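To keep things clear, I will list the structure first and then write my remarks on it.
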Amino acid sequence: MDTFRFIPLLVVVLVLGAVAYKLLVLKVVVPEGFTALLYRQGRFVRVLRPGAHRVLRQLHGTQQVDMRQRYLTVPGQEVLSQEQVGLKVSLAVRFAVAEPEPALHRVQNYTEALYLAVQLALREEVGRHPLEELVAGRVDLGQRMRERVAGEVRAFGLSVESVEVKDVMLPAELRRAFSESLKAKKEAQAMLEKARGESAALRNLANAARLVEQHPSLLDLRMLQTLGGASTTPGNTFVLGVGAELAPRARKHPAPGGAPVPPSEEDEPGST
């Protein structure tokens, strides 16, 4: 009987203990991809990794930090090239928070600090190179900027994965000049190729002329080859004429009986 008498008191004690636990202990759940900084009376204590944590509610506080990769877009910035020519360059920066404690404690806003570092690096890197190299892509501007910016922002806990150049915008008069220069270059290349083709054709004709001069019968073979190719189309009529340069050769060939073929009246000198 004495044991049952203490059961209500035990229940009350348990209820009061649960209420006190709820009031005094704070359950902190850190999701995946985040970390939390634990503070005790305003002073940093430790980093809370993803998972569930319990701390004293009255003495401690937390602040979550996103550790996932993110992108920072830097819109068109007015910068000067080595020749003091103005152009606009826009960038995309991929970065992440590597160390949450310095990211929150060493700078007021780490995103703004990164943005400023990218702007300054862009101005300095573009000013080192002439405009032609920048437009032609012979300068790996993104890689140079990544190396420079990554070293600067590492001090406040950021990791820069890449810096990509999105656009390089030139003034209208420079765009027209580059377009005309490219057009002139293409036209010059086309004329050079045409001249090369004509030279090759002339060389082939010269070689063919030498072969015909050395072997006159090749001309007859070529004529027969042309006739054989053209005779495949029905309904064609061919009229062949023998020029003066070929007539003496025709008269020299003997007839089947052995006697020379007499010239025709048209081939006789003085015939009308």
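The model shown is predicted, which means the values in this text are computed figures rather than measured ones. Quick note: residue numbers are just sequence positions, from 1. Below, all heavy atoms of this structure are taken into account, side chains as well, without hydrogens, waters or symmetry copies.
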query = Hey, what do you get for CZ (R148) to CG (L122), rounding to the nearest 0.5 Å?
reply = 10.5 Å
key: Distance (rounded to the nearest 0.5 Å) between L38 CG and R43 CZ   = 13.0 Å
task = Drop me the distance from L37's CG to T62's OG1, to the nearest 0.5 angstrom.
result = 9.0 Å
note = Shortest non-hydrogen pair, V30 vs H53, comes out as CG2-CD2, 4.0 Å
query = Closest heavy-atom contact between V149 and A121?
reply = CG2-CB, 3.7 Å
task = For the pair R146 (side chain) and V160 (backbone), establish whether a donor and an acceptor sit closer than 3.5 Å, ignoring hydrogens and angles.
result = yes
Exercise answer: donor-acceptor pairs, residues 90-109 side-chain atoms, under 3.5 Å, sequence neighbours excluded:
{"unit_1": "S90", "atom_1": "OG", "unit_2": "D167", "atom_2": "N", "d": "3.2"}
{"unit_1": "R94", "atom_1": "NH1", "unit_2": "Q69", "atom_2": "OE1", "d": "3.2"}
{"unit_1": "E101", "atom_1": "OE2", "unit_2": "H105", "atom_2": "ND1", "d": "2.8"}
{"unit_1": "H105", "atom_1": "ND1", "unit_2": "E101", "atom_2": "O", "d": "3.3"}
{"unit_1": "H105", "atom_1": "NE2", "unit_2": "Y39", "atom_2": "OH", "d": "2.7"}
{"unit_1": "R106", "atom_1": "NH1", "unit_2": "A155", "atom_2": "O", "d": "2.6"}
{"unit_1": "N109", "atom_1": "OD1", "unit_2": "T111", "atom_2": "N", "d": "3.0"}
{"unit_1": "N109", "atom_1": "OD1", "unit_2": "E112", "atom_2": "N", "d": "3.2"}

key: Distance, nearest 0.5 Å, that separates CD of E125 from CD of E147   = 9.0 Å
query = What are the two closest heavy atoms between V79 and R123, and how far apart are they?
reply = CG1-CG, 3.7 Å
task = Taking all heavy atoms of Y115 and all of T73, pick out the closest pair and write down the distance.
result = CE1-O, 4.0 Å
ask   = Where do M145 and V118 come nearest, in terms of heavy atoms and distance?
value = CE-O, 3.5 Å
Hey, can you pull the donor-acceptor pairs under 3.5 Å for the side chains in residues 197-204, sequence neighbours left out?
{"unit_1": "S199", "atom_1": "OG", "unit_2": "A195", "atom_2": "O", "d": "3.0"}
{"unit_1": "N204", "atom_1": "ND2", "unit_2": "A200", "atom_2": "O", "d": "3.3"}

query = Looking only at heavy atoms, which two atoms of G33 and D66 are closest? And how far apart?
reply = O-OD1, 3.6 Å
ring-ring contact (aromatic ring centres under 6.0 Å, His included) pairs, two or more places apart, involving residues 140-169 = none
request  = For side-chain contact (heavy atoms from CB on, under 4.5 Å), just list the numbers for R49 and T35, CA-CA rounded to whole Å, side-chain angles, deciding distance to a tenth of an Å, and then say yes or no.
outcome  = CA-CA 5 Å; R49 301 301 176 185; T35 57; 3.6 Å; yes
Approximate separation, where rounding is to 0.5 Å, of E152 CD and L116 CG = 9.0 Å
query = Does a side chain donor of either S159 or E161 reach within less than 3.5 Å of an acceptor in the other side chain?
reply = yes
